[in-house]
Each structure stands twice: as C-alpha cells, then as structure tokens.
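What follows is a set of notes on a single structure, which appears directly below.
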Amino acid sequence: MTHSPGSRILVVEDETRLAHLLADYLVSAGFAADCLGDGREVVPWVKAHSPDLIVLDVMMHNIDGWQVLSELRHEPATSHIPVVVCTVLPLEEMALALGANAFLQKPVSQQQFLHMLDHQDIL
C-alpha cells in the first residue's frame with residue numbers, strides 16, 4: 001500500500017450506515033477517515049482539511065456527485081486530490097472522463113474497497 005499511517009480519506013456518502021461502514025474499513029487499514037453526508041459541504045471542507053483522497057457517492061439528496069467532482073477539479077486548491085467515485089450506477093467510463101481517479105460500483109466489499117486503495121498514490 002502506498003500510504004503513510006494516518007493518511008486522511010474523506011467519505012462523501014449520504015447513507016449514514018454505508019458511510020460508517022466505509023469509514024470502518026478505512027480505520028481498520030490504518031487510515032484516518034472523515035465522513036460528510038451533504039455534497040454541498042465538500043469543497044469548503046476539503047479546502048480546510050486537505051484530505052489525501054476522497055471517496056465520492058454520485059446520488060445524493062442535495063447535490064449530485066458529478067457536480068461535486070466538477071467543483072473539486074476546477075478549484076485550484078482541490079484539483080490535485082484523488083477522487084474515487086463509488087456508486088451503484090454502472091458509469092465507470094463517465095466517472096473517469098469527468099476526472100475521477102478510480103471507480104467502484106456498489107455494493108463494495110471490504111476487500112474490493114481496500115484493493116482499490118492499494119492502487120491509489122496516497123502519500
């Protein structure tokens with residue numbers, strides 16, 4: 001794994017149980033995990049806290065993940081942060097074309113989730 005102990009990962013997921021499950025996966029692998037349930041909070045939070053990676057849901061109540069991804073990619077302070085789109089929708093090509101670094105289709109097992117992280121350059 002190419003991460004240092006305590007690498008910080010932000011999980012953006014409006015389903016609380018899933019957000020906590022993904023955070024538990026992260027903590028068990030030695031990451032620091034934060035969760036946001038409202039996509040409108042992502043860009044300001046990321047600017048303030050500079051996570052090493054963002055796991056982003058697409059279908060959220062207040063704003064969709066595509067808009068959040070676009071804002072992250074167009075903001076100089078956040079454009080360099082790797083984003084993994086994690087959604088039930090089979091839209092890997094779209095996610096990568098819009099600037100995601102990786103894609104996971106739900107449901108996601110702990111093994112799949114951590115395997116994806118193994119392939120991200122998180123320092």
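Note that OH of Tyr25 is 14.0 Å distant from CD1 of Ile9, once rounded to the nearest 0.5 Å. Of the inter-residue distances, the one linking Leu21 atom CG with Ser109 atom OG reads 10.0 Å to the nearest 0.5 angstrom. To the nearest 0.5 angstrom, Ile63 atom CD1 is 12.0 Å from Asp14 atom CG. Between atom CD1 of residue Ile81 and atom CZ of residue Arg73 there is a gap of 8.0 Å, rounded to the nearest 0.5 Å. Distance check, rounded to the nearest 0.5 Å: CD of Glu13 to CE of Met59 gives 9.5 Å. With rounding to the nearest 0.5 Å, the separation of OG1 in Thr78 from CG in Leu72 is 4.5 Å.
Both Leu104 and Leu22 sit in one connected hydrophobic cluster of ILVMFWY residues. Membership requires side-chain heavy atoms under 4.5 Å apart, directly or through other members. In terms of hydrophobic clustering, with Ile, Leu, Val, Met, Phe, Trp and Tyr side chains grouped at heavy-atom distances under 4.5 Å, Leu117 and Leu10 are assigned to different clusters. Placement of Val12 and Leu89 within a single hydrophobic cluster is found when ILVMFWY residues are connected by side-chain heavy-atom separations under 4.5 Å, directly or transitively. The hydrophobic clustering, which links ILVMFWY residues whose side-chain heavy atoms are closer than 4.5 Å, places Phe103 and Val58 together. Leu91 and Ile54 fall within a single hydrophobic cluster, where Ile, Leu, Val, Met, Phe, Trp and Tyr side chains are chained together by heavy-atom contacts under 4.5 Å.
Here the shortest heavy-atom pairing between Lys47 and Ala77 reads CG-CB, 4.3 Å. The shortest heavy-atom contact between Leu98 and Trp66 is CD1-CE3, 3.5 Å. What you find for Val27 and Ala33 is that their closest heavy atoms are CG2-CB, 4.2 Å. Listed here is the closest heavy atom pair of Cys35 and Ala23: SG-CB, 3.8 Å.
Looking only at side-chain heavy atoms (C-beta outward), Val108 and Cys86 come within less than 4.5 Å of each other.
When each of Val46, Val83, Leu56 is checked for a side-chain contact (heavy atoms from CB on, under 4.5 Å) with Val68, only Leu56 meets the rule. Of the candidates Gln111, His115, Met116, Phe113 forms a side-chain contact (heavy atoms from CB on, under 4.5 Å) with just one, namely Met116.
The aromatic rings of Trp45 and His49 lie parallel to each other, with less than 30° between the two planes, well short of the 60° mark.
At a threshold of 4.0 Å, the pair Lys106-Glu15 does not count as salt-bridged, since none of the basic side-chain nitrogens sits closer than that to a carboxylate oxygen.
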